[in-house]
Amino acid sequence: MMNIKIHPPRKGTKLARLLHAIKGRGASTESLTDQLGWRAHTIRAAISRLRQRGYEITCTDATKKAGPSLYQLKGPSK
């Protein structure tokens, strides 16, 4: 088993703010655009960068009945 080293973002950076926003219950793309002032494609790109750094971030599928997709931080990838 390989140990992947997590590269946390520096405090106060945009990636750090994104991590804080998706901890716990998670956040939808819409709520993240409101909180961070970013566009949806920028949020998806930043989440990809966090995944490359070793963070495990899940996304629930959006369906009409279930509501919007939610991004949630699960922890480091293994």
Side-chain angles (χ1 to χ4, degrees):
M1 178 188 305
M2 292 179 49
N3 289 334
I4 297 176
K5 184 175 175 157
I6 299 293
H7 298 286
R10 292 184 310 258
K11 291 182 181 181
T13 62
K14 291 179 179 183
L15 283 180
R17 291 175 46 209
L18 176 61
L19 270 177
H20 180 71
I22 61 175
K23 283 183 182 177
R25 301 176 82 195
S28 67
T29 304
E30 184 178 295
S31 69
L32 290 171
T33 58
D34 291 343
Q35 289 178 36
L36 302 173
W38 300 355
R39 294 184 180 202
H41 68 275
T42 306
I43 290 168
R44 291 189 300 271
I47 287 173
S48 292
R49 286 194 304 276
L50 289 173
R51 286 178 174 146
Q52 289 171 350
R53 289 178 175 219
Y55 289 95
E56 183 182 351
I57 299 170
T58 60
C59 178
T60 60
D61 290 332
T63 61
K64 292 179 183 178
K65 291 182 181 180
S69 297
L70 291 177
Y71 291 101
Q72 188 174 24
L73 178 65
K74 291 293 185 186
S77 296
K78 294 184 180 180

Sequence neighbours left out, cut at 3.5 Å: what donor-acceptor pairs do the side chains of residues 20-31 make with other protein atoms?
from: S28; atom 1: OG; to: S31; atom 2: N; distance (Å): 3.1
from: S28; atom 1: OG; to: S31; atom 2: OG; distance (Å): 3.3
from: S31; atom 1: OG; to: S28; atom 2: N; distance (Å): 3.1
from: S31; atom 1: OG; to: S28; atom 2: O; distance (Å): 3.0

Ignoring hydrogens and angles, write down the donor-acceptor pairs under 3.5 Å from the side chains of residues 9-18, residues two or more places apart or on other chains.
from: T13; atom 1: OG1; to: R10; atom 2: O; distance (Å): 2.8
from: T13; atom 1: OG1; to: A16; atom 2: N; distance (Å): 3.3

dist I43:CD1 -> L32:CG (nearest 0.5 Å) comes out at 4.5 Å
About how many Å separate CG of L73 and CG of L19, when rounded to the nearest 0.5 Å? 6.0 Å
Mind jotting down which residue pairs meet the side-chain hydrogen bond (donor to acceptor under 3.5 Å, both in side chains) criterion with at least one end in residues 32-41? Sequence neighbours excluded, please. none
Got I47 and Y71 here, is their nearest side-chain heavy-atom distance under 4.5 Å? yes
Same cluster (ILVMFWY, side-chain, under 4.5 Å), Y55 and L36: yes
